[in-house]
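Scroll down for the structure; my scribbles are underneath it.
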Amino acid sequence: MVTVYTPGKKFECAEVNLVQFKLLIDETGQEFLLMYDLNRQYLYTLQRVEGERPDFTYIDEVIQIEEELQRRKIFQTCL
């Protein structure tokens with residue numbers, strides 16, 4: 001059971017499906033939200049205006065994702 005509180009309201013719900021999100025940003029600073037739900041993926045744009053709620057705009061269903069692994073270099077000091 002999950003209980004969610006908002007100003008003036010209370011929602012008691014059962015969690016049916018775990019939805020996952022990734023916040024992405026491109027080279028121009030545009031933010032995107034990648035949502036995984038029921039083995040499907042959807043892409044939304046994310047607009048943030050200070051002091052206001054974020055605005056999400058549906059773009060389309062995602063058909064393929066390529067993720068580049070970040071390489072971390074470990075520097076070892078030899079004495």
>> Could you report the tightest heavy-atom contact between Gln30 and Leu46, atom names first, then the distance?
In response: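 Closest approach of Gln30 to Leu46: NE2-O, 3.4 Å.
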> What closest approach, in Å, do Leu43 and Phe32 show between heavy atoms, and which atom pair accounts for it?
Replying inline: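 Nearest pair, atom of Leu43 first, then Phe32: CD1-CB, 3.9 Å.
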Flag yes if [X] and [Y] sit in one hydrophobic cluster, no otherwise; membership is Ile, Leu, Val, Met, Phe, Trp, Tyr, and two members link when side-chain heavy atoms are under 4.5 Å apart.
X     : Y     : value
Tyr42 : Ile59 : no
Ile65 : Met35 : no
Leu34 : Leu23 : no

Could you tabulate the donor-acceptor pairs under 3.5 Å formed by side-chain atoms of residues 5-14, not counting sequence neighbours?
unit_1 : atom_1 : unit_2 : atom_2 : d
Lys10  : NZ     : Glu12  : OE2    : 3.1

> Among pairs that include at least one residue of residues 50-61, which meet salt bridge (charged side-chain N to carboxylate O under 4.0 Å, His left out), considering only residues two or more places apart or in two chains?
Replying inline: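 Of all non-adjacent pairs touching residues 50-61, those that pass salt bridge (charged side-chain N to carboxylate O under 4.0 Å, His left out) are Arg40-Glu61.
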> Which pairs pass salt bridge (charged side-chain N to carboxylate O under 4.0 Å, His left out) with one or both residues in residues 23-33, sequence neighbours excluded?
Replying inline: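 Every pair satisfying salt bridge (charged side-chain N to carboxylate O under 4.0 Å, His left out) with a residue in residues 23-33: Glu31-Arg48.
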> Is the Tyr44 ring parallel, tilted or perpendicular to the Tyr58 ring (thresholds 30°, 60°)?
Replying inline: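 The rings of Tyr44 and Tyr58 stand perpendicular, inter-plane angle above 60°.
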> Is any side-chain heavy atom of Thr57 less than 4.5 Å from a side-chain heavy atom of Gln47?
Replying inline: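 Heavy-atom side-chain distance check fails, nothing below 4.5 Å.
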